[in-house]
Each structure stands twice: as structure tokens, then as C-alpha cells.
Amino acid sequence: MAFDPEQQQVPTSSAFVEVGKSSGEISSEREPLLTKDNHTPGENYSVLAAIFPFLFPALGGLLYGYEIGATSCATISLQSPSLSGISWYNLSSLDVGLITSGSLYGALVGSAVAFSIADVIGRRKELILAALFFLVGAIATTLSPIYSVLIIGRVTYGVGVGLAMHAAPMYIAETAPSQIRGQLVSLKEFFIVLGMVGGYGIGSLAVNTLSGWRYMYATSVPLAVIMGIGMWWLPASPRWLLLRVIQGKGNVENQKEAAINSLCRLRGPAFADSAAEQVNEILAELSFVGEDKEATFGELFQGKCKKALIIGGGLVLFQQITGQPSVLYYAPSILQTAGFSAAGDATRVSILLGLLKLIMTGVAVVVIDRLGRRPLLLGGVGGMVVSLFLLGSYYIFFSAAPAVAVVALLLYVGCYQLSFGPIGWLMISEIFPLKLRGRGLSLAVLVNFGANALVTFAFSPLKELFGAGILFMGFGVICVLSLLFIYFIVPETKGLTLEEIEAKCL
């Protein structure tokens, strides 16, 4: 019978629980097994072998970004009396708001579901489940005969977003070689932006077509199928398999063999000779940092995981409340004021900014494993502070100089994509201890989408109350606070294995 490493529940022996402990008396203070003095400079791996373990999970990010871009165009198509192809095109602002935010509500649900199932079914199966929700949601949205079915489809698709944004960074981080882990996880953000640009592009082509909104959403279907098949083909995360071994949730020999085979597939033929040794090292380090004990809910708010939750949750919270959704909301009017001919067409403006985001994310991907996480965060967020104060000053003092607003807008978008954009997702995939990574990351993703919803819904009333200038100045002050948070709290994880991050940074 074929062995499925994710279904074994045979109790393990205690041999691996004691891995990493000396045979003599155990002192109260132990040194990490992988220290700077004895850690090898790098792992053997094949670049070609690393492509698919990144590509298929990253399709979840592509699908997330695509629905953002496509929906901005689909709402125009849906409200056209002549081109919508439906009888219920006369939508209220509330109806349009529900279409736009439906996937966000679903993402919140998906993040909450991930909290309970992530460490039980594993990262691979969670991504397969996400692909299924993407597929069902896309089909339901495409074929919607009435408004209520459209909303159900949007929320269903959003559940897939929540699951994918939770599992994809974990799977990539746990399977990627440490030398290129930062680049690969950051490339997922690149795929999100690429999806947004693709959504804007396809939307602009289909917006003047009869029932064009159906074609926009139908484009997600083949991508979801490819993602699901690809994740079915990929192996389970070797670190998740080994976690189950030392926690007594799998057959020792079978799970170890599955982890070795998984590493060989993930790293390529060059890693075959050292895979078994690497598995034993991971087991030893996991045992040293206390992963052999079953995690409880209370542990999320204690010790190492509490610190990881502060770091990860803080980063994704600041990622949203520093004004990113609001600045992009104002982009068309800023460019129009400056006299850009494309400003009258919101879709083209969005494509322009999407291309800038794409370029700057690409820059971050190239340099992140060379410069490190902290320098990019500090430099990028510092640029965001300057841009937000410039933008606020434009609305308060320099309304006759629209070039100030344009420079501030482009500076903000570029600096965000160098810092919070990719690095927020990267850090939450690295920082949590393995036994609580699934639950911890689900809380961080929940904070991310929750803060996004809060900023989105609070922006308009706050703008009416204080005015755009004061509001952007306020975002600038929050950015200053985030700079202090990064400087004093966020550690550097460049070049460290996930086990070293847990041992040294928490």
C-alpha cells in the first residue's frame, strides 16, 4: 500500500524526543546545536529543483492579486446597462462595496479556519484546499445568475485567499534553501503585484465587452486548477513531517524516510548524499528548542511565541495602518490634478502604479538576501515617512504645486514595495517556532486582513472629519512609530536557518 506521510498516526518512540541531549546530566543552560562557529556556510541545492516548490504555492498570491485588479474593472462592467449582460446592473454603492470587499470577508474566515487546521493537515493540503476554494469561488462568480450568488462566490474565493496567504509563505519558507529563502518568499509578493497588474490589464481589455466581468473572473479558473494539481504533486514540508515525528504523531521510520525523500525532491540530486544528515540535524535542533512538546493555545502568548507574535503581528499591523490602501485610493485624483492624460482612466492609472510596484518589488527580491531584512525595512519605511508628510503638506500648504503630490505618491509606492510589501510576509513566515507556526501565522494573517478592513472602512469618515492632509500626516506619525518598532524589536534573520532563527532571535 502506498504510504501517505500526512495520514500516519502511529505513536513514536522516545528516541527522537531526546535528540540533541547529552547522555550525561543535562545542565539548565544548553548551547544551540547550530551556532555561528559550526554552522556550514550553505546548503547544497539545485536552482531548478527549487522552482516548483516556490511556483505552485506562489500561484495563490497571483490569484489574490488578480482578483484585486480584476474586481476594480468588474465593478464598472457590472454597472453598465448595455454591457453588463444582466438585469440587476443598477447596483447601489453598498452593493458595489460588498462585491469589492466580499473576498476580504472570506479571507478573514479563511484565516480563522487556518488557525484550527493548519498544523493538523499540513501546509501542502492546506494549499490544495485553498486551490479548491479558488476554483469553486471563481466558477460561482463567473456563472452568477443573481447578485446573491455573486457575493457567495466572492466570499468563497476569499476563503481561498485567507488559506493561501497563510500556507504559501510557510511552505516556501520551510522548503526553500536558507541562502535564497528571503528571495523566494519575497517573490510571492512579486506574484501578488504581478496578479494585480494582470487583473488590471485583462480587465481593461474586457471592460468594453458584453458580460466582460464574467471573462475577468473566469480567468482565475485555469490558474486555480494548475495550483491544485501542482500542490498535489509536490511533497509535504519536511519540517512539518519531522515536527509530527518528535511530537509522537507519526511513525518514526516512515516519517523520517518521507522527510528525506521530500528534501531530495526539493533540493535536487546534489542533496541526495546529505539529506539524511540534514534530517537528523533538523530533528536535533527541533528537540533542543522544545518542539517535542505539544503546543497549547496559551503558549501563543508566552515565551518565544509571544515575542514572535509581537514581531510578526506588529509588522503586518503597521503594513496596513500606515495608509497603503488610502494612498492608492487617492492616486487617480493626484495624477489628474498634476495634468496626467491617463488620470481620467482609473484602469490605466492603476496599471501605471502596478508596474511601479512590480519593479520595486523586483528590486527588493534581488537585494533582500544580500542587504538583509532590517536595512530594507528601515530605509523603506523612512522613505514612507517622508512621502506621507509631503503628501499631507500638499493638501494643507502646497495645493498649487501638484508635482509635490506626484513625487510623494511615487516615493510612497516605491518605498512600500521595498519594505513592508514583501518583508512583512517574509518575516511572519520565518519568525514563529515550528510547533506554533501554523497558529501563529494564522493570527498574523488575521491581523493583516482585519487591519486592512478597518483602514478601508474608516478612511472615508476620517477624511470627512479631519481632511486628507491631516489624515496623511497622521499616517506619517504612525510610520515613525513603526520605524521605532523595527529598530528596537525586529531582529535580522538573513542567512539563518529556521531553527537558528528560533534559537538565536527569540
Side-chain angles (χ1 to χ4, degrees), residues 5-6 34 43 45 49-58 60-61 114 117-128 130 163-188 230-231 234-247 249-250 255-256 258-268 271 275 278-287 289 291 295 304-305 308 312 369 425-442 444-445 493 495-503 505-506:
E6 298 187 26
L34 300 177
E43 305 170 37
Y45 68 94
I51 291 176
F52 291 118
F54 157 77
L55 179 62
F56 293 125
I117 68 170
D119 287 327
V120 177
I121 67 174
R123 292 68 163 120
R124 170 177 163 268
K125 286 186 176 178
E126 186 180 351
L127 284 165
I128 294 173
L163 292 173
M165 291 300 96
H166 172 262
M170 275 199 300
Y171 186 89
I172 295 170
E174 291 180 3
T175 59
S178 58
Q179 303 99 306
I180 58 172
R181 184 181 65 242
Q183 290 182 324
L184 291 181
V185 178
S186 300
L187 264 176
K188 183 190 70 66
M231 290 310 307
L234 285 174
S237 162
R239 282 181 169 84
W240 179 78
L241 292 170
L242 296 176
L243 176 66
R244 295 179 70 79
V245 168
I246 64 172
Q247 290 184 344
K249 294 182 178 180
Q255 294 281 61
K256 277 193 66 180
I260 292 171
N261 291 336
S262 175
L263 276 173
C264 289
R265 287 185 61 188
L266 294 167
R267 297 290 191 273
F271 196 79
Q278 180 70 19
V279 164
N280 287 329
E281 286 182 1
I282 294 173
L283 278 170
E285 190 70 7
L286 290 178
S287 182
V289 294
E291 301 285 3
K304 293 179 178 180
C305 198
D369 280 323
W425 291 107
L426 169 60
M427 289 295 291
I428 64 174
S429 71
E430 294 179 324
I431 202 68
F432 287 100
L434 180 58
K435 67 178 178 181
L436 285 164
R437 186 170 296 146
R439 292 181 179 182
L441 206 146
S442 68
V445 173
T493 59
L496 299 177
T497 67
L498 295 178
E499 290 73 39
E500 287 176 314
I501 291 172
E502 182 174 352
C505 298
L506 298 178

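- In terms of the side-chain contact (heavy atoms from CB on, under 4.5 Å) criterion, residue partners of Ala308 (sequence neighbours excluded) are, by chain and number, Ile431, Phe432, Pro433, Leu506.
- Residue Glu174 is tested with Arg124, Arg239, Arg437 for a salt bridge (Lys or Arg N to Asp or Glu O under 4.0 Å); the sole match is Arg437.
- Partner of Ser429 under the side chain to side chain contact (heavy atoms under 4.5 Å, CB included) criterion, chosen from Val185, Ile172, Leu498: Val185.
- Residues Pro169 and Lys188 meet the side-chain proximity criterion, which asks for heavy atoms closer than 4.5 Å.
- Closest of all the heavy-atom pairs between Pro53 and Thr175 is CB-OG1, 4.2 Å.
- Closest of all the heavy-atom pairs between Ala168 and Leu127 is N-CD2, 3.7 Å.
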Q: In sequence, state the C-alpha distance, the side-chain angles, and the governing distance for Met170 and Trp240, and then conclude on side-chain contact (heavy atoms from CB on, under 4.5 Å).
A: CA-CA 10 Å; Met170 275 199 300; Trp240 179 78; over 6 Å; no
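- Between Gly438 and His166, the shortest heavy-atom contact is O-NE2, 2.6 Å.
- Two residues are said to be in side-chain contact when any heavy atoms from C-beta on lie closer than 4.5 Å; Ser186 and Asp369 fail this criterion.
- Shown here are the salt bridge (Lys or Arg N to Asp or Glu O under 4.0 Å) partners of Glu430, two or more places apart in sequence or in another chain: Arg181, Arg373.
- How far CH2 of Trp425 is from CG of Leu441: 8.0 Å, rounded to the nearest 0.5 Å.
- Across Lys256 and Val279, no two heavy atoms sit closer than the pair CE-CG1, 4.2 Å.
- Contact detail for Leu266 and Pro238: the closest heavy-atom pair is CD1-CD, 3.6 Å.
- Here the closest heavy-atom approach between residue Met165 and residue Val445 is recorded as O-CG2, 3.9 Å.
- At least one donor-acceptor pair under 3.5 Å links the side chain of Ser262 to the backbone N or O of Ala236.
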